[in-house]
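Written out below as structure tokens is the structure these notes cover.
From a predicted model like this one, the values you see are computed outputs, not experimental measurements.
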Amino acid sequence: MRVLIAVLLALMIFCKSGAAEPSCETLTVSGNPEYPPLLWEDPLNPEHLTGAATALLAEIFEPLGMKLEIQSLGSWARVQRHARVGELDMIAGAFITSERIRYMDYLLPPFTRAPASVWVPKDQVFEYRHWPDLQGKQGATLINNSFGQGFDRYAEKHLQIVGVRTIEQSFAMALAGRVDYVLYERLQGQVKLQRLGLAEKFIALDVPVSNEGLFFTFSKNSKCNTFELRERIADRLYTLTNSGRLDELISEYTARYLSLRP
């Protein structure tokens, strides 16, 4: 009887430990495909994303012995839907909003900050000092894009901003006079316009609308999302960001992106 009880106890402990730590050898990751040099669709493998953010993530996970599957899901809005229902483990770059924290866990620290600019055609420059200066004007940006909780709330109440599927559409609308400005991150706007051959046609107004931290996030519904794994990632992330590694990757991947044919 004592032997039988010991066997049963051993089985219970084994089952508990197995339930507490589900197998997670590969993580599915995606992000905003309109975000060079941090993220964009790999032209050689359109089902996947490439960029400085995924390269940094690979360096974080390599010593942990885990594989990454970097998926391109077609649009930023679709990426967020997949994360919400747990069909995606991680997002490689997201700002904090009250809606997103309901379905994602944010990994600290942020891996970079992303000042967002008001982009206008050079012949349509207007004075911009703070958010109210955008009232009465028509703007454009990506569908479901966020520029921080404060600006998002203000824009919802006071501004007219149309969401489009690609940022190229937003810039084309501005050139055609259909919108007055484009909201887009400063770094991403610079490299995107340079590759499109439009760098001389647009200018980013001096004052950013926001300067938010950009985070790696876990879907709350991901089986890989455990406290232990988040802690291990945070340690690697802190070491790499403090070493300036992301700046090196941004330089490398900016050159790669600009070398692509439009």
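With Arg129 contributing its side chain and Val207 its backbone, the two residues share no donor-acceptor pair below 3.5 Å. Of the possible polar contacts, none joining the Arg245 side chain to the Leu240 backbone as a donor-acceptor pair under 3.5 Å is found. Between the side chain of Ser30 and the backbone N or O of Gln71, at least one donor-acceptor pair lies under 3.5 Å. In this structure, Gln149 contributes its side chain and Ser98 its backbone to a donor-acceptor pair below 3.5 Å. No side-chain donor-acceptor contact under 3.5 Å links Asn225 to the backbone of Asp89. Arg78 places a side-chain N or O within donor-acceptor distance of the main-chain N or O of Leu73, the cut-off being under 3.5 Å. For Thr254 (side chain) and Ser251 (main-chain N/O), no donor-acceptor pair under 3.5 Å exists by modelled atom type. Side chain of Trp131 to main chain of Ala155: no donor-acceptor pair is present (N/O by atom type, distance under 3.5 Å, no hydrogens or angles). A donor-acceptor distance shorter than 3.5 angstrom exists from the side chain of Asp180 to the backbone of Gln138, with no hydrogens or angles considered. Ser72 places no side-chain N or O within donor-acceptor distance of the main-chain N or O of Leu49, the cut-off being under 3.5 Å.
Across all their heavy atoms, Ala94 and Met104 have their closest contact at CB-CE, 4.3 Å. When all heavy atoms of Arg113 and Asn211 are compared, the pair lying nearest together is NH2-O, 2.6 Å. In this structure, Leu38 and Leu246 approach most closely via the heavy-atom pair CD2-CD1, 4.5 Å. In plain terms, the two heavy atoms of Val118 and Leu183 that are nearest each other are CG2-CD2, 3.9 Å. Closest non-hydrogen pair, Glu185 versus Ala114, comes out as CG-CB, 3.9 Å. For the pair Pro109 and Ala234, the tightest heavy-atom approach, listed with the atom from each and the gap, is CD-O, 4.4 Å.
Under a cut-off of 6.0 angstrom, the local environment of NZ in Lys220 is crowded, with over 12 non-hydrogen atoms contributed by other residues, nucleotides or ligands. Within a 6.0 Å radius of CD in Glu252, other residues, nucleotides and ligands contribute more than 12 heavy atoms. No more than 12 heavy atoms of other residues, nucleotides or ligands shown are found within 6.0 angstrom of CZ on Arg178. In Glu248, the CD atom is crowded: over 12 heavy atoms of neighbouring residues, nucleotides or ligands sit closer than 6.0 Å. More than 12 heavy atoms of other shown residues, nucleotides or ligands fall within 6.0 angstrom of atom CG in Asn242. Annotation: Arg165, atom CZ; neighbour count of heavy atoms from other residues, nucleotides and ligands within 6.0 Å does not exceed 12. No more than 12 heavy atoms of other residues, nucleotides or ligands lie within 6.0 Å of CD in Glu200, so this atom counts as exposed by the packing criterion. Residue Lys122 qualifies as enclosed at atom NZ: its count of foreign heavy atoms under 6.0 Å is above 12.
Using a cut-off of 4.0 Å between Lys/Arg side-chain N and Asp/Glu carboxylate O, Arg84 and Glu99 are scored as salt-bridged.
Taken together through direct or relayed side-chain contacts under 4.5 Å among Ile, Leu, Val, Met, Phe, Trp and Tyr, Val191 and Ile250 form part of one hydrophobic cluster. The same ILVMFWY cluster, assembled from side-chain heavy atoms under 4.5 Å apart, contains both Phe147 and Tyr181. Following chains of ILVMFWY side-chain contacts shorter than 4.5 Å, one cannot reach Leu193 starting from Val209, and the two form parts of different hydrophobic clusters. Linking ILVMFWY residues whenever their side-chain heavy atoms come closer than 4.5 Å, directly or via other members, places Leu229 and Phe111 in the same cluster. Taking hydrophobic clusters as Ile, Leu, Val, Met, Phe, Trp and Tyr residues chained together by side-chain heavy-atom distances below 4.5 Å, Tyr238 does not share a cluster with Leu107.
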Going through the distances and angles, do Glu212 and Leu214 end up as a side chain to side chain contact (heavy atoms under 4.5 Å, CB included)? CA-CA 6 Å; Glu212 297 291 310; Leu214 196 62; over 6 Å; no
May I have the step-by-step check of side chain to side chain contact (heavy atoms under 4.5 Å, CB included) for Leu198 and Leu175, ending in yes or no? CA-CA 10 Å; Leu198 299 175; Leu175 286 176; 4.2 Å; yes
Would Trp76 and Leu39 count as a side chain to side chain contact (heavy atoms under 4.5 Å, CB included) if you check the C-alpha gap in whole Å, the side-chain angles of each, and the deciding distance to 0.1 Å? CA-CA 11 Å; Trp76 180 221; Leu39 285 171; over 6 Å; no
Let me see the working for Thr112 and Leu187 under side chain to side chain contact (heavy atoms under 4.5 Å, CB included), right down to the final yes or no. CA-CA 12 Å; Thr112 190; Leu187 172 63; over 6 Å; no
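Distance check, rounded to the nearest 0.5 Å: CE of Met90 to SG of Cys224 gives 9.5 Å. Of the inter-residue distances, the one linking Ile233 atom CD1 with Leu27 atom CG reads 7.0 Å to the nearest 0.5 angstrom. Here the CD atom belonging to Glu127 is positioned 10.0 Å from the CG atom belonging to Leu205, to the nearest 0.5 angstrom. In this structure, CZ in Phe216 is found 15.5 Å from CG in Asp105, a value given to the nearest 0.5 Å. Expressed to the nearest 0.5 Å, how far CG of Leu68 lies from CZ of Phe61 amounts to 6.0 Å. Residue Leu88 holds its CG atom at 4.5 Å from OG1 of Thr28, rounded to the nearest 0.5 Å.
Residues Arg100 and Phe95 meet the side-chain proximity criterion, which asks for heavy atoms closer than 4.5 Å. Glu59 has its side chain within reach of Leu249: a pair of non-hydrogen atoms, C-beta onward, lies under 4.5 Å apart. You'll find the side chain of Asn221 stays beyond 4.5 Å of the side chain of Val85, heavy atoms only. Between Gln194 and Tyr257 the shortest side-chain heavy-atom distance does not fall below 4.5 Å. Considering only heavy atoms from C-beta on, Ile167 stays 4.5 Å or farther from Gln188 through its side chain. Here the side chains of Phe126 and Asp133 are not in contact, with every heavy-atom distance at 4.5 Å or above. At a threshold of 4.5 Å between non-hydrogen side-chain atoms, the residues Val120 and Tyr128 do not count as touching. In this structure, Val162 and Met173 have side chains that are in contact, with non-hydrogen atoms separated by less than 4.5 Å.
The cationic atom of Lys192 (NZ for Lys, CZ for Arg) does not lie both less than 6.0 Å from the six-membered ring centre of Phe171 and within 45° of the ring axis. Figure legend: Arg256 and Tyr253 shown as a cation-pi pair, the cationic atom lying under 6.0 angstrom from the six-membered ring centre and within 45 degrees of its axis.
In terms of the side chain to side chain contact (heavy atoms under 4.5 Å, CB included) criterion, residue partners of Ala174 (sequence neighbours excluded) are, by chain and number, Pro121, Val179, Val182, Phe202.
Taking the six-membered ring where the residue is Trp, His158 and Tyr154 present tilted rings, their angle falling between 30° and 60°.
Partner of Phe215 under the side chain to side chain contact (heavy atoms under 4.5 Å, CB included) criterion, chosen from Ile91, Leu108, Leu237: Leu108. Among the candidates Asn32, Ile143, Asn144, the single residue satisfying the side chain to side chain contact (heavy atoms under 4.5 Å, CB included) test with Gln80 is Asn144.
Taking the six-membered ring for Trp, Tyr184 and Trp119 have ring centres at least 6.0 Å apart.
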